[in-house]
Protein chains: 2
Amino acid sequence: MDVARSEVLVIGTSVACRSCQARHGVVCGALSAGQLSELGRHSLRRKVDAGCEIIAQGSENSFYSNITRGVVKLCKVMSDGRQQIVGLQFAPDFVGRPFVRESTLSAEAATDAEICVFPRNLLERMILETRELQRSLHAQALNELDAAREWMLTLGRRTAEEKVASLLHLIAAHAETATSTAFDLPLSRAEIADFLGLTIETVSRQLTRLRKEGVIRIENIRHITVPDMDALAKKISG
Amino acid sequence: MDVARSEVLVIGTSVACRSCQARHGVVCGALSAGQLSELGRHSLRRKVDAGCEIIAQGSENSFYSNITRGVVKLCKVMSDGRQQIVGLQFAPDFVGRPFVRESTLSAEAATDAEICVFPRNLLERMILETRELQRSLHAQALNELDAAREWMLTLGRRTAEEKVASLLHLIAAHAETATSTAFDLPLSRAEIADFLGLTIETVSRQLTRLRKEGVIRIENIRHITVPDMDALAKKISG
DNA sequence: CGACCACTTGATCATGCTCAACTAGCGTGG
DNA sequence: CCACGCTAGTTGAGCATGATCAAGTGGTCG
């Protein structure tokens, strides 16, 4: 994805914060008005194309960010090229691992996205100063831990069909537009494979299988409709 | 494991704390002398036999604990019986998920163990009061998250041989007795299988395979020697 | 129109699962 | 003290799920 690029849009200000997706999210929701405006003065809005790397595995953590639009995948790669997606983050999640110098994973935009970038030192100072921010980040870490463990069960013990159904269920839960359950896949087949510990061929076969069984409709390559959520849920044993 | 039982030993006191494995661990290391003695007055030492469940999946969290001796496995089971170990905790780790009412996983002693049990309300109050305790638990959560993600890579992308080698490596790292690298497996073959997302037969075959290749020696069913740690590490691509 | 890319589909292969027999260790009771 | 049963682990034979390799499809962009 060498066409992928990122672009600095505007210097964040408290004015920009008012209409921000992440205004009441994990980080910004925990700050006082004064802190929010200080953080805003030192933040940058970045527009990030799908496929663009935000943090490289093994690189130094020199900033943190909020996702303000789009989906970000957290990824681990092995020296021989095998890779595994170990987390998906949706707006308005926080991305980064405070107080650790080197990142053990990469973060990459799965869809076109926008992030709000904070300087490392400022955010770390605020975490130390702000009880509520500390608590809030702790809570997000625990939620991510639960999600990671749920996914370990999927990776270790579910069949290919159950894995694919689990992913669709997960994405539907985040897309949830009231009644209808139609959504865009934020991931390509290759990325789905990397998330589920499968190959792209198996993912493709399981998707067509779910389609033939009438559990999903594949409107087009990236758009799925689930006529009956319960039928999908039934594909996920346990 | 219906022989497994747990037994309350003594009411913890600050006297007992002085020689405790977990005295400078995640929880107790973050407390003031006064808090430590208050927590001690309300804590119970419990001796827990291998196989005994400490927290049941789906149960209410009514207490937290420190592991003061032994190894605890965190486990998820599906309604059809398939199960996956999603974490191993060693003394002096903290066990429990603060501020969440229902446990999404079970905790079970893998070896004979001892834990120090804290009442829920007291510990939660101390977390709210104590900046350093909050920070310390946050740090443990982030470490567990890293470990979980590392394990996701193993579950999703490594071969059976690599998986078994990874587990031996993990256990060796925790047993590390200076020079020699000999250790007791805290897990049965069935538990290893549940940790690695394999069957016990595959685990057994891979262990004999590693033995035949000279990478490990199986002194007896639970005791392993690794003559050359590097040779073991080479089995883990990545 | 053609090249390219992401995806699908098919045929064959192999890793790891299933089912089954066998072994070793260990505690219990005759 | 040995026979017995029980548990945990090992080993083998055959099978199936999902991987690999390869060809084909469809949409997009120049």
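Only heavy atoms go into these numbers, but all of them, side chains included; no hydrogens, no water, no symmetry mates. Quick note on labels: first sequence line is chain A, next is B, and so on, each numbered from 1. What you see is a predicted model; the values in this text were computed from it and never measured.
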From the set dT10(D), dT9(C), dT20(D), return the single nucleotide nearest to any side-chain atom of Thr208(A).
dT9(C)
Nearest listed nucleotide, side chain of Glu201(A), among dG9(D), dG10(C), dG18(D):
dG10(C)
Are Gln83(A) and Arg157(B) packed together at the side-chain level, in the sense that at least one heavy-atom pair is separated by less than 4.5 angstrom?
no
Between Arg222(A) (CZ) and dC5(C) (C1'), how many Å, whole number?
12 Å
Aromatic plane relationship, Phe94(B) with Tyr64(B) - under 30° parallel, 30 to 60° tilted, over 60° perpendicular
tilted
Is there a donor in the side chain of Thr225(A) and an acceptor in the side chain of Glu219(A), or the other way round, less than 3.5 Å apart?
yes
Mind calculating the distance between CG (Leu198(A)) and P (dT20(D)) to the nearest angstrom?
11 Å
I need the CD1-P distance between Ile192(A) and dA6(C), as an integer number of Å.
14 Å
From the candidates dT11(D), dC17(C), dG18(D), the one with an atom nearest any side-chain atom of Thr202(A) is dG18(D)
What is the distance, to the nearest angstrom, from the CD atom on Gln206(B) to the P atom on dG9(D)?
16 Å
Would you say Gln57(B) and Thr104(B) make side-chain contact, with heavy atoms under 4.5 Å?
no
For residues Val71(A) and Gln89(A), determine if any side-chain heavy atom of one lies less than 4.5 Å from a side-chain heavy atom of the other.
no
Ala160(B) has a side chain; which of dA11(C), dG16(C), dT8(C) sits nearest to it?
dG16(C)
Starting the side chain at C-beta, find the nucleotide from dG18(D), dT18(C), dG16(C) nearest to Thr159(B).
dG16(C)
Under-4.0 Å side-chain N/O to phosphate OP1/OP2 contact, Thr199(B) with dC17(C):
yes
How close or far is atom P of dA8(D) from atom CD of Glu191(B), stated in whole angstroms?
10 Å
Tell me: CD1 of Ile218(B) to P of dT10(D), nearest whole Å?
6 Å
Rounded to the Å, how far apart are Arg158(B) CZ and dT15(C) P?
18 Å
If you check the Arg189(A) side chain, which of dT8(C), dA11(C), dG18(D) turns out closest?
dT8(C)
Go through dG10(C), dC7(C), dT11(D) for me and flag the one nearest to the Arg205(B) side chain.
dT11(D)
Nucleotide of dT10(D), dA11(C), dG9(D) approaching Ser204(B) most closely (side-chain heavy atoms):
dT10(D)
Could you state the atom-to-atom distance from CG of Leu207(A) to C1' of dG18(D) in whole Å?
15 Å
